[in-house]
Undergrad: 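Mind looking over this structure? Questions follow.
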Amino acid sequence: MTEQRTTAPEGALETVRVERPVVEFLRMYVRNWAAVAGFIVFSAIVFAALFAPVILAVDPFEMVWMPFTPPGQDGYFLGTDNLGRDMFTAIVYGARATLVVGGSAAALTIVIGLTIGSLAGYYRGWVDEVLMRITEFFQVLPPLLLAMVLVALFEPTLPTVAIAIGVVTWTGVARLARAEFMRIRELEFVKAARSIGSRDRRIIWRVILPNALPPLIVNAALTVGIAILFEAALSFLGLSDPNVMSWGKIIGDNRDYLLDAPWTVTIPGVAIFLTVLAVSLIGDGLNDAFNPRLRER
Amino acid sequence: MLLLAVVVFNFILLSLVPGDIADTLAGESGGASQEVMDDIRRTYGLDRPFHIQLATYVGKVIQGDLGTSYYFNMPVTELILGRIAPTLLLVVTALVLAILIGTLFGVIASRRPNGLFSHFVTVLALVGFAAPVFWTAFLLIVLFVAMLEIMPLSGLVDPTTPRGTLTWYLDVLHHLFLPVLSLSSIYLASYSRLARASMMDVLGSDYIRTARAKGLGETAVTYKHALRNAVIPVITIAGLQFSHIFSGAVVVETVFTWPGLGTLAFESILRGDTPTIMGILFFSAMIVIVVNLLTDVTYRIVDPRIRSARNA
C-alpha cells in the first residue's frame, strides 16, 4: 500500500468514490420505468435476433402455406405474406438484419463523427475550418437520397448498406463532439494536463473524451434509432440485400397488397416502431441518469 | 463554393458506377457491336480523359446545363423543373404545418408543465421519432382510404379533372392531405417537444417577469412576449433539418406515387439514369442552401435583437 492510504477514513472514502457513480447511475436509471421497459423490450429483440436459428430452425424465405393467411388462422400466429411465407419467422429473422446493420452503421457514424468533431473542437484554427466545411457539405445533401445513390452504386449487400448509412448520418455526432471538446478544452484540468507536458493525443483521449462522454452516450442511443430507421427505409425501397430478410423488405414486398392484406404491412412496421421506441427510451433513461437535475423537463 | 463541391463530388461518385450509357442503351436494344458502343461513347464524350470530362461537366452546370437524361432523352434541367413544384408543395406545406402546430402544442403544454397535455407532447415526440414514415403513411392509408373511404390513394390529382379550374386546385389539396400528414407527423412531434422546452426556458426569464409585473395578462405575456423567443430554436432546427425533410419526402412520394423529385430520384436510381441522379442531388443541395439563407432572414424578422446587432 502507498503512503497516502495510511489512515483508514481516507481509504474508505476512496472506495466509496469509486463505486458510487455506478450505483447512483443505475439507481437513477431504474427510477425511470419507461427506460426499464425500453431496456427489456430491446433485450428481447436482441435475444430473438441472436437465437433466431435456434428458436425457429426454418428458412424465412420458404413458402409454408397459402398466401395472405390472416394472423391467427391455421396456426400462423402472424399470418402469411404475398408468397405464403410465415410472417412470424420473417419478423424474428428480420430482427437480425435490423440490428446488425443498425448497430454497425451507428458504430461507424460515431467513429467518423467523434473523430472529426474532436479534432475540429480540439485544434480549432484551420483544422476546424476544413473539417467544418466537409461537415457542411454532407449536411447539404439529403441523407437518405445520398444513401440510396451509394447503395445503388455499389453492391447491395449488408456491409454496403451499413457504410452508406454511416457516411450520411455522422454530421450530428461531429457537431455535438466538437461543441463538447471546445467547451472542455478551456477548463482548468485540461490546462493542468497541458502544463505537465501531456501530449495532444493523451489530452484528447484520456483527459477530454471521458468528460465529453455523457452527452455522446445519450446521443449514441438516438444514433442507433436513426440507423435502424434508415435501414428500414432502404430495404423498404428495395435498396438492400435481396437475400436477407428484414422488416423494411417485408413491407416493401407486400406494399401492393396493403388494402387486401393490411397485416403484411402493418406488423413489420410495429416491429420497427417498437425497436426504435425502445432504443430512444433507453436514451432518455441514460440522459436522466447522467443529469439528475434535468429530470423535470 | 459548397455547390461546386457538390458538383465535383457527384461527378466523381457517379463515375465510379460500373457500366455506362453505352451499356444501358445496348442492354435495352438487346446487345450491340463494339463499334456501335464506341460510337455511343464518343457521342456522350465518354472517350475523353477523366479530368476533361469533369471540367466539361462543371462548365456546363454553371451554365445551367445538367446534361441529358439517358431514359427520357430530354434535358435534365427541364425534367427537374417539371417535377419540382409538387415536391416543394409537399415539403413546404408539411414543414409550415409542423412548425405552426408543433409550436402551438409546445406553448399549450408549457403553460402546465405537469398537465395531461404536456405528457401527451412527451409521448407524441417519442412516437413521432420511432415511427418509420412509410409505415405512418400506410397506416393513414388503411384508416382514411380503406376504412373511411374519404381520401384518394395516390397521385397528385384526378386525371379527369379539368386543369386550372377551382375543382382542380381543390382536388390537388385533397390528394395532398395524406402525404403532408405523414411527412409532417415526424417533425410536428419533435417541434412540439422543442417548443415546450424553449417556452419553459423563456417563461422563467427576467423580461417575462417584467412583463407580468407591468400587469399584462397571461395570454399577452405568452403570445406577444414569450412566443417570439421560444420559436427561434424551432426555426433553427427546422432549417438545419431541411435536408432530412427532403429525404422523408422521397419515401412519402414513392408511397403515394406523388409525381415529384423524390419519385423521379428513386426511379432514376433503379434505371441507372446517371445524369438525372446527379441533377437531382445538385438541385436538392441548392434548395437546402437557399432554405438555410431563408432561415437567417426569418431570424431577423422574429428577433429584433439580431437585426440591430447586425446593422450596428
Side-chain angles (χ1 to χ4, degrees), chain A residues 34 38 133-134 136-155 168-169 171-172 175 222 225-226 228-230 232-233 236-239 247-248 251-252 254-255 258-260 262 265-266 268-270 272-281 283-284 296-297, chain B residues 1-3 5-6 9-10 13-14 16-18 113-114 122 125-127 129-136 138-139 141-142 145-146 153 193 196-197 200 240 242-251 254-255 261-262 265-266 268-270 272 277-278 280-282 284-289 292:
Chain A
R133 287 298 89 75
I134 297 175
E136 266 170 31
F137 172 77
F138 276 94
Q139 278 184 321
V140 162
L141 292 166
L144 184 67
L145 196 56
L146 185 56
M148 286 163 68
V149 172
L150 287 174
V151 173
L153 284 190
F154 305 99
E155 297 269 290
V168 301
T169 55
T171 53
R175 288 191 165 262
L222 277 184
I226 291 169
I228 290 174
L229 288 173
F230 266 84
F236 162 70
L237 292 171
L239 293 165
W247 296 335
I251 299 182
N254 288 286
R255 55 180 290 187
L258 170 72
L259 298 181
D260 303 312
V265 170
T266 49
V270 172
I272 303 168
F273 173 70
L274 280 181
T275 312
V276 180
L277 186 66
V279 172
S280 50
L281 287 176
D284 274 5
E296 297 89 67
R297 277 212 179 157
Chain B
M1 194 52 214
L2 209 52
L3 271 179
V6 172
F9 173 80
N10 282 350
L13 189 67
L14 291 163
L16 294 175
V17 195
N114 282 315
T122 309
L126 278 169
V127 171
F129 174 72
V133 63
F134 51 92
W135 182 60
T136 317
F138 286 134
L139 290 183
I141 290 178
V142 169
V145 180
L153 176 60
R193 192 178 186 177
R196 181 186 58 184
M200 273 153 63
L240 273 178
F242 193 77
S243 61
H244 291 254
I245 300 179
F246 214 87
S247 292
V250 176
V251 176
T254 53
V255 169
L261 278 188
F266 176 59
S268 301
I269 287 173
L270 295 187
I277 304 172
M278 280 202 268
I280 293 173
L281 275 176
F282 174 75
S284 42
M286 204 161 70
I287 294 172
V288 172
I289 292 173
N292 285 344

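So that the names make sense, note that chain A is the first sequence line, chain B the second, and so on, each numbered from 1.
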Undergrad: Please classify the contact of A:I228 with chain B as side chain, backbone, both or neither, using a heavy-atom distance under 4.5 Å.
TA: neither
Undergrad: Working to the nearest 0.5 angstrom, can you tell me the gap between B:F266 CZ and A:L145 CG?
TA: 11.5 Å
Undergrad: Can you tell me which of B:T254, B:V250, B:L139, B:I287 forms the most heavy-atom pairs within a distance under 4.5 Å of chain A?
TA: B:T254
Undergrad: When heavy-atom pairs shorter than 4.5 Å are enumerated against chain A, which of B:P132, B:A249, B:A265, B:S247 gives the highest number?
TA: B:S247
Undergrad: Testing A:V151, A:L153, A:V149 one by one against B:I269 for a side-chain contact (heavy atoms from CB on, under 4.5 Å), which residue passes?
TA: A:V149
Undergrad: Which bit of B:L126 is near chain A, if near means a heavy-atom gap under 4.5 Å: side chain, backbone, both or neither?
TA: both
Undergrad: Please name the pair of heavy atoms, one in B:F246 and one in A:P142, separated by the smallest distance, quoted to 0.1 Å.
TA: CD2-CG, 3.9 Å
Undergrad: If you define the side chain from C-beta out and look only at heavy atoms, does anything of B:F129 sit under 4.5 Å from A:I226?
TA: yes
Undergrad: Between A:Q139 and B:S243, is there a side-chain heavy-atom distance shorter than 4.5 Å?
TA: no
Undergrad: Identify which of A:L277, A:L237, A:L239 forms the greatest number of heavy-atom pairs closer than 4.5 Å to chain B.
TA: A:L237
Undergrad: Taking the six-membered ring for Trp, are B:F134 and A:F236 parallel (under 30°), tilted (30 to 60°) or perpendicular (over 60°)?
TA: parallel
Undergrad: Checking A:L274 against chain B: side chain, backbone, both or neither under 4.5 Å from a heavy atom?
TA: neither
Undergrad: Please classify the contact between B:V133 and chain A as side chain, backbone, both or neither, with a heavy-atom cut-off of under 4.5 Å.
TA: neither
Undergrad: Measure the shortest side-chain to side-chain distance between B:F138 and A:I251 over non-hydrogen atoms and say whether it is less than 4.5 angstrom.
TA: yes
Undergrad: Can you tell me which of A:V270, A:L281, A:L222 forms the most heavy-atom pairs within a distance under 4.5 Å of chain B?
TA: A:V270
Undergrad: Which atoms of A:V279 are under 4.5 Å from chain B, going by heavy atoms: the side chain, the backbone, both sets, or neither?
TA: neither
Undergrad: Which value, rounded to the nearest 0.5 Å, describes the distance between B:L270 atom CG and A:M148 atom CE?
TA: 7.5 Å
